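Here the structure comes first, spelled out in structure tokens, and everything after it is commentary.
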Amino acid sequence: MTYLRSDSLASGSQGIVHMLYQEHHAWLRAWINKKLGCPFGAADLAQDTFVNVLLKSELPALQEPRAYLSRIAHGLMVDHVRRRDLERAYLEALAHIAPAETGSPEARALMLELLMRLDAMLDGLPAKVRTAFLLAQLEGLGYAEIAARLGVTTRTVGTYMATAMLQCMALCQD
């Protein structure tokens with residue numbers, strides 16, 4: 001069945017999403033559960049997928065609704081797994097710090113949220129820009145050393161760093 005969204009009728013688009021939900025929710029939840037191995041997480045991500053569809057300003061004509069839904073769900077799963085892995089690494093790092101130095105639960109939650117935003121920002125950078133930035137920040141390499149590793153000029157490394165720093169500034173202003 002082809003699902004078409006009529007932009008002139010908002011209720012029509014909700015009806016289409018409702019039909020998609022009725023016809024594909026159980027399948028999507030099972031598909032996500034098979035990937036995650038967690039029925040509760042699968043239920044949450046299936047719901048998030050349909051919320052995502054519902055919030056779209058324009059729904060494309062869908063010849064293959066399951067492919068469309070699974071593509072959205074896959075992106076949400078990737079975000080979920082990244083967040084879980086980052087949170088696990090953060091909690092492991094906190095375990096090695098004296099409790100008095102870890103801050104309040106609110107401060108830890110804010111730090112975790114900042115880490116998530118930083119991770120998303122880094123993920124949005126082109127590979128060489130991200131690599132140059134991380135080599136400078138984590139390994140303390142200078143532009144000449146980074147240029148040698150990446151096979152680019154020091155001027156190019158400067159451009160990469162400027163790009164990364166602009167993204168960091170944008171992150172801080174959000």
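Heavy-atom basis, side chains included; hydrogens, waters and symmetry copies ignored. Note that the structure is predicted; figures quoted are calculated from it, not measured.
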Would you say the side chain of [Y] lies within less than 4.5 Å of the side chain of [X], judging by non-hydrogen atoms?
X      : Y      : value
Leu28  : Phe50  : yes
Met121 : Arg117 : no
Glu113 : Arg108 : no
Tyr160 : Val152 : yes
Gln47  : Tyr21  : yes

So how far is it from [X] [atom1] to [Y] [atom2], rounded to the nearest 0.5 Å?
X      : Y      : atom1 : atom2 : result
Leu36  : His80  : CG    : NE2   : 5.5 Å
Leu125 : Thr131 : CG    : OG1   : 9.5 Å
Met77  : His74  : CE    : NE2   : 5.5 Å
Gln167 : Met169 : CD    : CE    : 10.5 Å
Leu69  : Asn52  : CG    : CG    : 10.0 Å
Ile146 : Thr154 : CD1   : OG1   : 10.5 Å

Can you name the nearest heavy-atom pair linking [X] to [Y], along with the distance?
X      : Y      : value
Ala132 : Leu150 : CB-CD1, 3.9 Å
Leu20  : Pro65  : CD2-CB, 3.5 Å
Phe133 : Cys168 : CZ-SG, 3.6 Å
Met161 : Ala136 : CE-CB, 3.6 Å
Arg130 : Asp123 : NH1-O, 3.6 Å

Checklist line | Verdict with supporting geometry, Lys56 and Ile72, side-chain contact (heavy atoms from CB on, under 4.5 Å) | finding: CA-CA 12 Å; Lys56 291 199 177 294; Ile72 293 170; 4.0 Å; yes
Check: Which of parallel (below 30°), tilted (30 to 60°) and perpendicular (above 60°) describes Trp31 and Trp27?
Finding: parallel
Check: So which of Leu54, Leu76, Asp44 actually passes side-chain contact (heavy atoms from CB on, under 4.5 Å) with Thr49?
Finding: Leu76
Cluster link [X] to [Y], ILVMFWY, side chain under 4.5 Å:
X      : Y      : value
Leu138 : Tyr143 : yes
Tyr90  : Ile97  : yes
Val53  : Val78  : no
Leu110 : Leu94  : no

Would you say [X]'s side chain and [Y]'s backbone share a donor-acceptor pair under 3.5 angstrom?
X      : Y      : answer
Arg83  : Met116 : no
Gln137 : Leu134 : no
Arg29  : Ala42  : no

Notebook entry, point to check: Regarding Thr159 and Thr156, is there a side-chain donor-to-acceptor distance under 3.5 Å anywhere?
Noted result: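 Checked: Thr159/Thr156 side chains show no N/O donor-acceptor pair below 3.5 Å.
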Check: Should we count NE2 of His25 as having more than 12 external heavy atoms under 6.0 Å?
Finding: yes
Notebook entry, point to check: Ion pair present between Arg88 and Asp85, side-chain N to carboxylate O less than 4.0 angstrom?
Noted result: yes
